[in-house]
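Take a look at the structure below.
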2 protein chains.
Amino acid sequence: MIYVPSRMGQLNRRALLRQLQRLGVASRAELAKALGMSQPTAGKIVDELLELSVLEEVDLSLTNGREPSPSPETILRGRPGRQLRLNQSAARLLGIQLGVNETSIAGLTLGVPERDEWHFNFSSNGGLHPEKNWEQKLRAAAAQVDAEKLLGVVLSVPGVVDEAANKVLFSPNLHWTEKVDLVSLVQRIWDVPVLLVQEERTLALGHQLANPGEDNFLLVDFGDGVGGAIVVEGRPFVGTLPISGEIGHTPVLGNHRKCGCGAIGCIETLVSTGGLLESFAAASRKKNKSWTDLSAHILENGIEPWLAQTLDAAAVAIAGALNVLGLRRVVITGSLTELPPSVITHLSRAVQAGSMWAKFGSVECLAAPRRRAAGLVAVGIDRLVVPDAIPQKISSEK
Amino acid sequence: MIYVPSRMGQLNRRALLRQLQRLGVASRAELAKALGMSQPTAGKIVDELLELSVLEEVDLSLTNGREPSPSPETILRGRPGRQLRLNQSAARLLGIQLGVNETSIAGLTLGVPERDEWHFNFSSNGGLHPEKNWEQKLRAAAAQVDAEKLLGVVLSVPGVVDEAANKVLFSPNLHWTEKVDLVSLVQRIWDVPVLLVQEERTLALGHQLANPGEDNFLLVDFGDGVGGAIVVEGRPFVGTLPISGEIGHTPVLGNHRKCGCGAIGCIETLVSTGGLLESFAAASRKKNKSWTDLSAHILENGIEPWLAQTLDAAAVAIAGALNVLGLRRVVITGSLTELPPSVITHLSRAVQAGSMWAKFGSVECLAAPRRRAAGLVAVGIDRLVVPDAIPQKISSEK
DNA sequence: TCATTAAATAAAGAAAACTACGAAATTCGC
DNA sequence: GCGAATTTCGTAGTTTTCTTTATTTAATGA
């Protein structure tokens, strides 16, 4: 039996990486001081990460070029520290976003991308054998992506995903992904580690990476469906089941709409884009209303009772989640944020009314853009660069 | 700066203790084999725990006395292992259960008590200064409890409890506990560590300890209020806020009853004992119905619509929690389990209908007795015997 | 040139595990 | 009954990983 030392070091590694994400650029000494570790320790971790080309050294002369005056007070005597940042010069990850309608792929640097930029797009569905179609298009795109020294491929998929087993369990709008082994399909094109990530979890991690310091929140994404993901203490929350943050498929009493998931009365049937448009059409007694019609209507008429009820139902589910999880921050992404701000305001008020913590402190409910690319990077860093082997048992098998 | 090695050892210590809880009695060698660690490691941990008198050695002759035939097949050759178990011969913890109406105290051994046995009871409220009254009665009881070598006092309280800060934040039925520093009050009587634990979390940990192997569930306790607690991967789930598992104060759309918490429409107003009796009285148009009346009525008339609706509302909240947390097991304790089993059956069906995992696998919803004493022991072991210093940062301050 | 800060290197040490060995306590075969 | 085999358990020494302190080398401003 071999002594497996549980890689406690990864913990410091992770802490350093996070600190660097926060600071943007920093020297070894700054990192050491900020983290309260000795310089040799910080230096060693940095060296390892440089070796993996996760970090890169920043040429001071270039930075000075951008920043004209090197800020008179900040000038330190002594040897200047070599500034470091996450590698932004070479793509180390390949991100694939397998959306319900469209698939996008992009080479991703480990530095946080300012906004999502997808290089190639193509339809996710189509043909008698959508999986073959998809593979073919992916292969065509592959030729055009410069994928040197790839750490891995990160693949965001909608539905219920077992990230441990790298399998899609349930995907009402992309049924073919349930039957195909996506990982080995992708690995036939790029022979590197492939990570499957659930869509909303990607968004949550992206939000966290793009907003350093926000380490506890529930993200709820509205679109063709409604999904959620949870970040607690800076880490994505995962239970034992490959389900978590599933906020869209809890039933609403008195709602009898049929849901794509097979159940009846799911929240999703009310507050997804489709659900809202259905209610809108019913309320205005006209068919074929579009999302922009709805937005304009709300801008003109405010929150009408049918909409208020719908939002209240969503708010109850969200507040329930906050109460159960002990959270005080909700991040709303997706189609709901495209409607007039009064919608989020109404939702926010309703969430506060139902949330326990609002009685003691403040509960926030805010709109934010989707940060898919950042999320894929976060997943890549988390699971490829600093894979923390959660030590259940110290020793290995005989 | 001194190297603080993050006490990884506690992890193995905890694993060993848990294994022993599972096995009941075991020798060092058995534990080592079961945990896949070497005998010296297991032996060393056992020695430490014996030193703390957390464990005790079992005299084989005594055990043989109870088990007449030492099971013909199990007879092993070689030197027999010295059997160990959690110390059952001396109370090492003092448990206090501060209930809404009654306070109970008991000396607790670290071995799992078969059932709750409380030595002294007295009223929790009363007088102009209930806290002084309470302290006085506690002091009186203290004289009669043999509290030698106490590891600490574990104090279970209802309401919203900040366990990190050892403070009661909110307690609608025992307001005096919010203003008083319960810890220092108790420490004036017993000068040992005092742990404040939220009531439902105690029950959850008690259930876990009494049912080894159940490491993932949501416990919901019904009584004067409705509260929940979560166990994930064998550990109580705690977010950042001192709130978690709060299932009783999420609003139900269309419910306008006033809740003790100050809000309107909380689930608790429907499914607490008081809430159910109120609905029962309204439905039967008679006042002053008792809990036994209700039970008899259900036994005779089955689940009437008013009750079905109430249970469905609770089920939605529970299913929502399961979906968000990724759990598949609900443990129901308290007054609801005293009603005819059809009530739990109805609730269970409704929970399954609303829970996402039921589409993939099974979701269980079962009644169980309250295990307060076991819960207090679990808390004591967790936070006094094997306090795992979650290593945020490896190094200490300068 | 000197003080000052940054980084690299070397050496030491702590924690927690492991292997190896030997003593103690049994059962089994004769 | 008695030695041999077997199993438990403690001790001693080793290994591994990670971190620290101390020292040296480097780069820069005054």
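What you see below is based on every heavy atom in this structure, not just the backbone, and it leaves out hydrogens, waters and symmetry mates. We name chains A, B, ... by the order of the sequence lines, and we start the count at 1 in each one. What you see is a predicted model; the values in this text were computed from it and never measured.
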**Request:** Give the intermediate values and the outcome of side chain to side chain donor-acceptor pair (under 3.5 Å) for residues A/Gln21 and A/Arg18.
**Result:** CA-CA 5 Å; A/Gln21 278 169 4; A/Arg18 165 156 297 183; 4.8 Å; no
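- Rounding to the nearest 0.5 angstrom, the gap separating the CZ atom in B/Arg28 from the CG atom in B/Leu20 is 11.0 Å.
- Counting to the nearest Å, the C1' atom of C/dA16 and the CG atom of B/Leu11 are 12 Å from each other.
- B/Glu57 pairs with exactly one of B/Val25, B/Val46, B/Leu50 by the side-chain contact (heavy atoms from CB on, under 4.5 Å) rule, that one being B/Leu50.
- Taking 4.5 Å as the limit, every side-chain heavy atom of B/Leu205 sits out of range of all side-chain heavy atoms of B/Asp382.
- Once rounded to the nearest 0.5 Å, the distance linking CZ of B/Arg92 with CG of B/Leu108 reads 12.0 Å.
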**Request:** Spell out protein contact along nucleotides 7-12 of chain D as letters: B when the base is contacted, S when just the sugar-phosphate is, - when no protein heavy atom is under 4.0 Å; keep the 5' to 3' order.
**Result:** BBBSB-
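- Atom pair A/Leu31:CG and C/dA6:P shows a separation of 12 Å (rounding to whole Å applied).
- Put simply, the side chain of B/Gln83 reaches to within 4.5 Å of the side chain of B/Glu30, judged on heavy atoms.
- Neither OP1 nor OP2 of D/dT19 sits under 4.0 Å from any side-chain N or O of A/Ser38.
- Rounded to whole Å, atom C1' of C/dA16 lies 15 Å from atom CG of B/Leu35.
- OP1 or OP2 of C/dA17 has at least one side-chain nitrogen or oxygen of B/Asn12 nearer than 4.0 Å.
- Between B/Gln10 atom CD and C/dA15 atom C1' the separation is 12 Å, expressed in whole Å.
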